[in-house]
Protein chains: 2
Amino acid sequence: MTNTTLKLLAQQLQLSISTVSRALKDHPDISAATKAKVHALANSLDYEPNAYAIQLRTQSSKIFGVIVPAISNLFYDSFIAAVEEESRKNGYALMILQSSNQPEIELDNLKIFRQNRVSGVFACLSANAENLETYQKMTEKEIPVVFFDIVPKDNKFTKVRMADERCAIIAAEEIIKRNAKKVLAIFGDAGLSISQKRKNAFQNFMETYAPKVHCTYVNASSSAEAEALFRKQYDKTQKPDTVFAMTDEVLIGVMKAVQALEIKVPSQLGVIGISNGFIPNLYHPKISYVETSGYELGKLAFVQMMANMKGGKTLTELTVEVKFVPGESL
Amino acid sequence: MTNTTLKLLAQQLQLSISTVSRALKDHPDISAATKAKVHALANSLDYEPNAYAIQLRTQSSKIFGVIVPAISNLFYDSFIAAVEEESRKNGYALMILQSSNQPEIELDNLKIFRQNRVSGVFACLSANAENLETYQKMTEKEIPVVFFDIVPKDNKFTKVRMADERCAIIAAEEIIKRNAKKVLAIFGDAGLSISQKRKNAFQNFMETYAPKVHCTYVNASSSAEAEALFRKQYDKTQKPDTVFAMTDEVLIGVMKAVQALEIKVPSQLGVIGISNGFIPNLYHPKISYVETSGYELGKLAFVQMMANMKGGKTLTELTVEVKFVPGESL
DNA sequence: AATTTTATCGCAATCGTTTGAAATTTTTTT
DNA sequence: AAAAAAATTTCAAACGATTGCGATAAAATT
């Protein structure tokens with residue numbers, strides 16, 4: 001079954017290809033009668049314009065590339081969902097690839113994007129990679145790149161991210177409000193800059209505004225590690241009365257221990273996390289958390305992308321607002 | 001910054017476009033010396049073949065379309081991850097769109113796929129839609145469609161899905177093994193055929209092999225509803241000793257109630273679910289579940305797609321195996 | 001030395017669409 | 001009725017790559 005083309009329509013209607021093309025897009029040059037005929041035949045023959053031909057001719061694809069470490073991730077998927085939604089509204093489609101945190105795959109994927117001449121790329125750096133050179137080249141070739149979540153330090157790139165420091169500070173505020181005496185703060189992988197930032201902000205705030213509160217700071221790069229760390233700390237005679245989980249991963253680990261040890265929340269232990277809300281609401285009582293919405297971030301990223309495409313370079317770093325969502329765990 | 005093209009390379013090297021093209025793909029007609037020169041320049045100029053031109057010329061895109069109700073879904077994201085992985089290995093990229101369970105959006109998305117002349121489509125029907133006509137047209141135009149998870153009844157389509165009945169039966173077997181006396185079985189949305197299937201299979205099995213076990217069957221279309229239903233049942237004097245949760249959503253609701261009521265698992269209540277494993281492992285003790293792997297399904301779907309593309313029509317319905325994963329909740 | 005092979009390379013059409021400019025037809029103006 | 005203006009349609013050149021076939025040059029065969 002061969003596809004319907006402009007040529008075919010033109011032949012059947014005894015018209016030129018250009019007339020058919022213009023008729024299909026309501027060009028004022030074409031008479032109403034002709035337009036009607038063309039549309040009629042196009043419909044009955046299920047004409048679908050060939051996106052490749054268009055893109056080749058117009059040198060602009062209606063496709064954005066998205067690259068994330070993993071699609072199956074509570075945070076990224078809502079980001080992707082938001083970007084997809086906005087893209088669709090604006091006539092764009094999404095090409096989504098995952099790097100699996102492997103630099104080579106990330107490069108492969110970027111190559112695919114370039115070969116498909118995507119109009120722009122939304123990128124979350126893979127943990128290990130430092131291949132900014134490739135991204136640099138893309139922006140030079142007028143392919144805007146909007147980084148999100150895990151972004152390069154270099155500020156010649158456009159980035160959107162959560163207000164990481166604010167997250168940590170809001171959590172610290174709430175902890176202080178609740179009169180915590182002994183806090184266990186568990187952060188993510190020590191290698192990630194986001195962990196550093198949040199830890200510094202948190203620690204700084206606590207030391208400034210509540211110097212008497214005893215805080216223990218640790219890092220966990222997995223759920224299991226977080227669980228083990230928590231158990232170890234909770235084994236001591238001087239048990240923490242409050243625990244702060246920087247990520248969902250950490251929270252999951254903590255809550256496993258909490259359930260296993262049958263610790264009463266919030267009476268024996270206050271719990272607060274940073275999350276998009278899905279995990280905290282899985283438990284009873286609901287865990288209080290500082291909300292970081294991948295969805296909101298996606299919306300923001302899209303706006304940035306559009307701005308980038310129109311008005312030259314907007315080399316800014318935008319952050320999306322965060323807010324405290326009270327549960328019953330603190 | 002203009003993109004590097006074959007023409008540009010040809011000009012700079014004083015060669016014809018065809019020679020450059022052939023050199024780049026190691027055509028035997030071209031001398032080693034020429035090949036070397038061409039490759040050298042292509043590298044230094046960051047030549048990337050224009051995918052549109054290739055696809056236009058060769059009439060074949062290296063892109064698959066994927067359409068799901070929502071990307072941010074514990075099940076679909078692992079399916080997508082698997083398909084993406086296989087696609088990348090085979091030189092394909094993925095175009096992913098979500099229907100949000102809205103038929104119009106689903107149609108829009110299919111149009112985008114057609115316009116991009118995707119090589120094939122992986123589709124999960126949106127709950128409400130019955131637009132099989134469009135899918136029918138696609139298969140007629142030689143665009144293979146592989147349905148997954150929520151598939152059409154019509155068996156002229158290629159579909160892969162979980163062994164739904166088997167899931168329910170395995171769960172029933174385990175429940176019987178554990179000598180349950182009173183079972184509360186909570187299924188998903190009554191409108192979905194998958195709920196029907198699982199319910200029928202479960203009920204059938206129980207009545208045949210354990211007629212003395214008292215079973216209560218209910219449907220819940222949300223987490224909150226499942227929680228409410230469970231609480232209501234657990235309020236009775238004759239409490240269930242075992243609960244079966246057909247979906248993660250149901251399980252989440254049940255577990256909220258379990259935590260709130262401080263029910264001891266498994267001593268006071270046995271719990272078993274059907275899941276890909278993420279949610280069941282969030283709790284302590286770990287919930288036992290029948291594993292339905294979106295990942296495995298994705299792999300299977302991909303194999304089917306490739307088969308479909310090569311050897312004409314393979315109108316089969318394949319199911320992926322499921323297995324019981326013991327936790328400590330039953 | 002003339003002829004045939006073989007190794008290299010170029011020509012030109014093609015994929016389906018867009019678009020400036022020219023050509024044609026129709027309508028309006030003088 | 002002739003000329004000018006407006007409306008409608010067509011021509012033809014792109015966009016960037018692929019590929020069958022023909023052309024040229026070098027090597028091998030008589």
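Chain A is the first sequence line, chain B the second, and so forth, proteins listed ahead of strands; every chain is numbered from 1.
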Give the residues of residues 9-20 of chain A touching DNA chain C, defined as any heavy atom closer than 4.0 Å, sorted by residue number.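 Listed by number, they are A/Ile17, A/Ser18.
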How close or far is atom [atom2] of [N] from atom [atom1] of [X], stated in whole angstroms?
| X | N | atom1 | atom2 | answer |
| --- | --- | --- | --- | --- |
| B/Lys35 | C/dC9 | NZ | C1' | 13 Å |
| A/Lys25 | C/dG16 | NZ | P | 16 Å |
| A/Ile30 | C/dT25 | CD1 | P | 16 Å |
| B/Lys7 | C/dC11 | NZ | P | 14 Å |
| A/His27 | C/dG20 | NE2 | C1' | 10 Å |
| A/Gln115 | D/dA17 | CD | C1' | 12 Å |
| B/Leu6 | C/dA12 | CG | C1' | 16 Å |
| A/Gln59 | D/dA13 | CD | C1' | 14 Å |

For residues [X] and [Y], is any side-chain donor paired with an opposing acceptor at under 3.5 Å?
| X | Y | value |
| --- | --- | --- |
| B/Tyr76 | A/Asp77 | no |
| B/Ser119 | B/Tyr92 | no |
| B/Gln304 | B/Thr316 | yes |

So if I apply the salt bridge (charged side-chain N to carboxylate O under 4.0 Å, His left out) rule between B/Lys299 and each of B/Glu321, B/Glu85, B/Glu84, which one comes out positive? B/Glu85
I'd like to know if the side chain of [X] and the backbone of [Y] have a donor-acceptor N/O pair within less than 3.5 Å.
| X | Y | result |
| --- | --- | --- |
| B/Lys111 | A/Glu48 | no |
| A/Ser293 | A/Tyr295 | yes |
| B/Asn116 | B/Val118 | no |

B/Phe122 and B/Phe64 aromatic ring geometry - parallel, tilted or perpendicular at 30°/60° bounds: perpendicular
OP1 or OP2 of D/dT19 sitting under 4.0 Å from any side-chain N/O of B/Ser21? no
Within the pair B/Tyr52 and D/dT18, is there a side-chain N or O less than 4.0 Å away from OP1 or OP2?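 So the side-chain polar atoms of B/Tyr52 never come under 4.0 Å of the phosphate oxygens OP1 or OP2 of D/dT18.
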Between the protein and nucleotides 4-7 of chain C, list the N/O to N/O atom pairs that are separated by less than 3.5 angstrom.
none

5'-most by nearest nucleotide on DNA chain C - A/Thr58 or B/Arg57: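 The residue whose closest nucleotide sits nearer the 5' end is B/Arg57.
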Considering residues at least two apart in sequence or located in another chain, which fulfil the ring pair (Phe, Tyr, Trp, His ring centres under 6.0 Å) criterion with A/Phe113?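 A/Phe113: no ring pair (Phe, Tyr, Trp, His ring centres under 6.0 Å) contacts found.
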Does B/Arg22 get its side chain close enough to the base of C/dG10, under 3.5 Å, for a donor-acceptor pair? yes
